*Asks:* 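Structure provided below as structure tokens; questions to follow.
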Amino acid sequence: MKTYKRTLVTSALPYANGPVHIGHLAGVYVPADIYVRYLRMKGEPVLFVGGSDEHGVPVTIRARKEGITTQQVVDRYHKLISESFEQFGISFDVYSRTTSEIHHKFAADYFRRLYDNGKFIEQTTEQFYDPETGEFLTDRNIRGECPHCHSKGAYGDQCEKCGRTLSPDELIEPYNAINGNPLTKKETKHWYLPLDQYQQWLEQWILEEHKEWRPNVYGQCKSWLDGGLKPRAVTRDLDWGIPVPVEGAEGKVLYVWFDAPIGYISNTKELCEREPAKWGNWETWWKDQSTRLIHFIGKDNIVFHCIVFPSMLKADGTYILPDNVPANEFLNLEGDKISTSRNWAVWLNEYLQDFPGKQDVLRYALTANAPETKDNDFTWADFQARNNNELVAIYGNFVNRAMVLTQKYFAGKVPAQGAYTDYDKQIMQEIQGSVSEMLRLLDAFRFRDAQKEAMNIARAGNKYLADMEPWKLAKTDMERTAAVLNLSLQIVANLEIAFRPFLPFSSEKLRKMLNVQETGIDSLGKFDLLTDGHQLGEVALLFEKIEDDAIQAQLDRLARIKKENEEQEKAEELKNWHPAEIKAATSIDDFDKTDIRVATVLDCKNVKKSDRLLEFTLDDGMGGRTILSGIAQSYPDPSVLVGKQVLYIANFPPRKMMGKESQGMILSAVDADGRLVVTTVSAPVRNGAQVG
RNA sequence: CGCGGAGUAGAGCAGUGGUAGCUCGUCAGGCUCAUAACCUGAAGGUCGGUGGUUCGAUCCCAUCCUCCGCAACCA
């Protein structure tokens, strides 16, 4: 395996169109931070880059909606996001933004260099254009009539009614989804990165040389490569972004996906120029072959970080390429996918208000349940259990036991280390085993399991105390009591180090309690970290229980949001409702076969054990009949139907439902929201009258 | 439709061509230094469905079902 002198770690640039939530944290920032902190503990040179992605269309739409400038939108979220990261201890060496001057210049220069070297192809195409606003539209912002099912309001890329994939050209009478304006077509020129030219090289580099990448990453890349790469446009017709630095490209900007990853580089440059003594030249971090580049991202970014961005770097030719791209899957929240627009998320800024000082608890819960191999679910019940049963009961409790016992028997001074018994040695060996396993897992980007190993050290500590029972020994053998507590405290000191990448705030607190300075990773697995007679600091609780009412408050909040969303979606549905297509032509003869009659409802009640069926007892003028109808959900009180005359089909063969026989079918109209309304006659007629 | 990932005890996750594992929860014991915490033990699974390859499949192959991504907002 290749050896490296330094590591450059990037984490996906969050889009400045909203605050960051637990999904971002679990998928990208906590794992990246754990890895970076681990490398720093090892004393390896590492640079951790982050920043806000502030270009693209959605921020401009939000600005328009809120009646403020796009700059105000990105300013607001950049501030919110960077504060959240800082509070959660995401230890970026630099956190900048793509609207920075240095980035604009750097990205424009990057483009221009590739342009001058003939790395792009130019292509003129016809795109949909709104003459009134003077804007070209993205596929998704174009709507029209579906050519297949002829439903109105199909999107430019897909019809949601029939589910077919479309291209905007296929739509009948396309219009602007935002303002409803009709669209025309207009020629526009764009620059494309010919990914097809990099196909062979990418195949060699990924499929042959990086078989160690995670299955989801490797599989996704293979899928794209097998499908054959096509040139990809790297410019857009838009006024928000980095102007294309080419003559005759007015009104065009770099595609957000072209400039965003360059932000990793320009942010590095910004840091290096600010503190050259500490960080040296930015080119060392990006162009020296002995630098190792790691991208932490979510699964939706795999293609850009493994195919597009490497091709951009290769096109330049002077840059290093990522050594690994540990992409995570997604985190769900209480069974539903996290959604910014539907407010289905736990926002970091809100979490900190509700759980002040509990950053580590969330970090722990998210790492313990990190979506490393598949989508995982975050639940508040799990969060509470992780805190109460693991952080408090195992880790915090062990620390507290060791500290309190020392306080009690040795006035808070580290007691003398004794001769190790076989059992002591066994425990020490067990802990060293956990330590080396943890380090191995950290190197393999398996943070969930690594954290579990750290917790196993605390488990071993609890078991040691339970087996040694120093509170009993203290009555007979103070020397052995001292030895047992000495080793217990050494284990506590190990826990401080082992948990440091995962729970930085707690480790800091624990160092205060132990009254020690930060040491390197070499100390891990040693049992002479605290010298005899060392005065410990004040005993405090490392973690505290989270009570049910705090969890219930979060669940209530989510329930409220869910209800609001449902109401809103329903309103939306009603607004968009339109009559179903007319069925294929039929004839009077076909209709005549159906015998529709009038009857009076004598009784109407719910069918036991069925949430849909109503049982109608009808006076049909022919001795009466019973009909079951699946409309209970539209009639919470079925008795309102009693006495009404209804229309029903009289000549269907009887059918058994829920053990009862239904002799026909009541006719109901279906309203836009799915509500069923029973049909009736406009004036009383005799029961048994025919409809036709 | 296609391509990629995933489906394993009540929950969350590992894992392997040969007797299926971890954490939490549950139940039963033990202990009392500790935040009713800790320690020990037990129960609990036709490893998504169906076919096939094999002496043997949870693992390999085929096919189907479900969820997610590629593909609006979004990791």
Side-chain angles (χ1 to χ4, degrees), chain A residues 11-15 17-18 20-29 56-59 61-62 138-141 155-158 160 163-165 177 214-224 226-227 296-304 327-332 335 337-342 344-345 368-379 381-382 385-386 388-394 396-409 446 448-449 452 455-456 458-459 461-474 485 488 539 541-545:
Chain A
S11 56
L13 305 186
Y15 194 53
N17 193 32
V20 274
H21 53 63
I22 52 170
H24 298 112
L25 211 53
V28 178
Y29 305 101
V57 177
V59 287
I61 293 174
R62 177 182 285 270
T138 60
D139 289 0
R140 193 72 192 185
N141 282 334
Y155 290 97
D157 56 351
Q158 189 183 43
E160 302 208 321
R164 297 173 98 136
T165 308
R214 286 185 178 176
N216 56 341
V217 177
Y218 188 91
Q220 178 100 143
C221 293
K222 187 168 184 332
S223 153
W224 269 69
D226 289 350
F296 282 88
I297 57 168
K299 68 170 158 184
D300 56 333
N301 272 349
I302 290 171
V303 172
F304 292 101
N328 273 339
E329 300 287 299
F330 279 0
L331 190 70
N332 293 329
K337 68 193 267 187
I338 293 177
S339 164
T340 301
S341 56
R342 293 173 61 237
W344 192 253
N369 194 25
E372 288 177 5
T373 50
K374 64 169 184 194
D375 289 0
N376 279 349
D377 195 24
F378 176 91
T379 64
D382 179 71
R386 297 277 181 200
N388 293 358
N389 306 329
E390 298 181 30
L391 289 177
V392 172
I394 297 171
N397 187 42
F398 170 65
V399 171
N400 192 239
R401 296 170 85 185
M403 297 281 288
V404 166
L405 286 165
T406 305
Q407 201 67 253
K408 193 165 174 176
Y409 299 122
R446 291 173 57 185
R448 186 177 54 200
D449 292 337
K452 205 180 278 178
M455 192 54 85
N456 281 342
R459 286 199 175 90
N462 275 318
K463 183 167 157 53
Y464 182 68
L465 282 182
D467 291 342
M468 295 296 103
E469 301 184 305
W471 51 92
K472 279 188 185 164
L473 279 174
L485 286 182
S488 299
V539 180
L541 292 180
L542 202 48
F543 302 99
E544 54 190 27
K545 284 206 151 205

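Sequence lines set the chain letters: A, B, ... in the order given, protein chains first and strands last, and positions in each chain run from 1. The model shown is predicted, which means the values in this text are computed figures rather than measured ones. For the numbers below, each heavy atom of this structure counts, side chains included, while hydrogens, waters and symmetry mates do not.
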*Asks:* Please give the nucleotide sitting opposite B:U50 as a Watson-Crick or G-U wobble pair, both distances under 3.5 Å, or none.
*Replies:* B:A62
*Asks:* Looking at A:N400 and B:A34, is any side-chain donor or acceptor paired with a base atom of the opposite kind under 3.5 Å?
*Replies:* no
*Asks:* Return the nearest nucleotide to the side chain of A:S339; candidates are B:C38, B:C73, B:C74.
*Replies:* B:C73
*Asks:* Which base sits across from B:C31 as a Watson-Crick or G-U pair, both distances under 3.5 Å?
*Replies:* none
*Asks:* Under 4.0 Å from OP1 or OP2 of B:A37: is there any side-chain N or O of A:N462 that close?
*Replies:* no
*Asks:* Detail all sub-3.5 Å separations between protein N/O atoms and N/O atoms belonging to nucleotides 4-6 of chain B.
*Replies:*
unit_1 : atom_1 : unit_2 : atom_2 : d
B:G4   : O2'    : A:Q220 : N      : 3.3

*Asks:* Hey, does A:R62 have a side-chain heavy atom less than 4.5 Å from the side chain of A:V59?
*Replies:* no
*Asks:* Checking contacts here: which listed nucleotide (B:A37, B:C33, B:G25) is nearest the side-chain heavy atoms of A:N397?
*Replies:* B:A37
*Asks:* With respect to A:L331, which candidate in A:D377, A:I22, A:D375 satisfies the side chain to side chain contact (heavy atoms under 4.5 Å, CB included) definition?
*Replies:* A:I22
*Asks:* Taking any heavy-atom pair under 4.0 Å as a contact, classify A:D377: base, sugar-phosphate, or nothing.
*Replies:* sugar-phosphate
*Asks:* Rounded to whole angstrom units, what separation is found between the CG atom of A:L465 and the C1' atom of B:A37?
*Replies:* 12 Å
*Asks:* In whole angstrom, give the distance that lies between atom CD1 of A:I61 and atom C1' of B:C73.
*Replies:* 9 Å
*Asks:* If you compare every side-chain N and O of A:K545 against the phosphate oxygens of B:A36 (OP1, OP2), does one of them come in below 4.0 Å?
*Replies:* no
*Asks:* With C1' as the reference atom in both, quote the distance from B:C24 to B:A43 in angstrom, rounded to an integer.
*Replies:* 16 Å
*Asks:* Kindly point out which of B:C74, B:C33, B:C31 is positioned nearest to the side chain of A:L405?
*Replies:* B:C33
*Asks:* Nearest to the side chain of A:A393 - B:G69, B:A37, B:C74?
*Replies:* B:A37
*Asks:* Before accepting this row, confirm whether a basic side-chain N of the pair A:E329/A:K374 lies closer than 4.0 Å to the acidic partner's carboxylate O.
*Replies:* no
*Asks:* Base, sugar-phosphate, or nothing for A:L331, non-hydrogen atoms under 4.0 angstrom?
*Replies:* base
*Asks:* With a 4.0 Å cut-off on heavy atoms, is A:E372 in touch with a base, just the backbone sugar-phosphate, or nothing at all?
*Replies:* nothing
*Asks:* Is the phosphate of B:C24, meaning OP1 or OP2, less than 4.0 Å from a side-chain N or O of A:R459?
*Replies:* yes
*Asks:* I'd like the C1' distance from B:G21 over to B:C3, given in whole Å.
*Replies:* 33 Å
*Asks:* Counting only Watson-Crick or G-U wobble pairs whose two distances fall under 3.5 Å, which nucleotide matches B:G2?
*Replies:* B:C70
*Asks:* Side chains of A:F296 and A:N328: closer than 4.5 Å at any heavy-atom pair?
*Replies:* no
*Asks:* Please enumerate all protein N or O atoms sitting under 3.5 Å from an N or O of nucleotides 57-62 of chain B, with distances to 0.1 Å.
*Replies:*
none

*Asks:* If you only use heavy atoms from C-beta on, which nucleotide in B:G12, B:C74, B:U23 is closest to the side chain of A:E390?
*Replies:* B:U23
*Asks:* When you measure from the side chain of A:A385, which nucleotide among B:C68, B:C33, B:C24 comes out closest?
*Replies:* B:C24
*Asks:* Return the nucleotide paired to B:G12: Watson-Crick means purine N1 to pyrimidine N3 with N6-O4 or O6-N4, wobble means G-U with N1-O2 and O6-N3, both under 3.5 Å.
*Replies:* B:C22
*Asks:* Which nucleotide, B:C33, B:C24, B:U35, lies nearest any side-chain atom of A:V392?
*Replies:* B:U35
*Asks:* Between B:A9 and B:U26, how many Å separate the two C1' atoms, rounded to a whole number?
*Replies:* 12 Å
*Asks:* In the structure shown, which nucleotide is the Watson-Crick or G-U wobble counterpart of B:A37, with both distances under 3.5 Å?
*Replies:* none
*Asks:* Over how many whole Å does the gap from A:K463 atom NZ to B:U23 atom C1' extend?
*Replies:* 17 Å
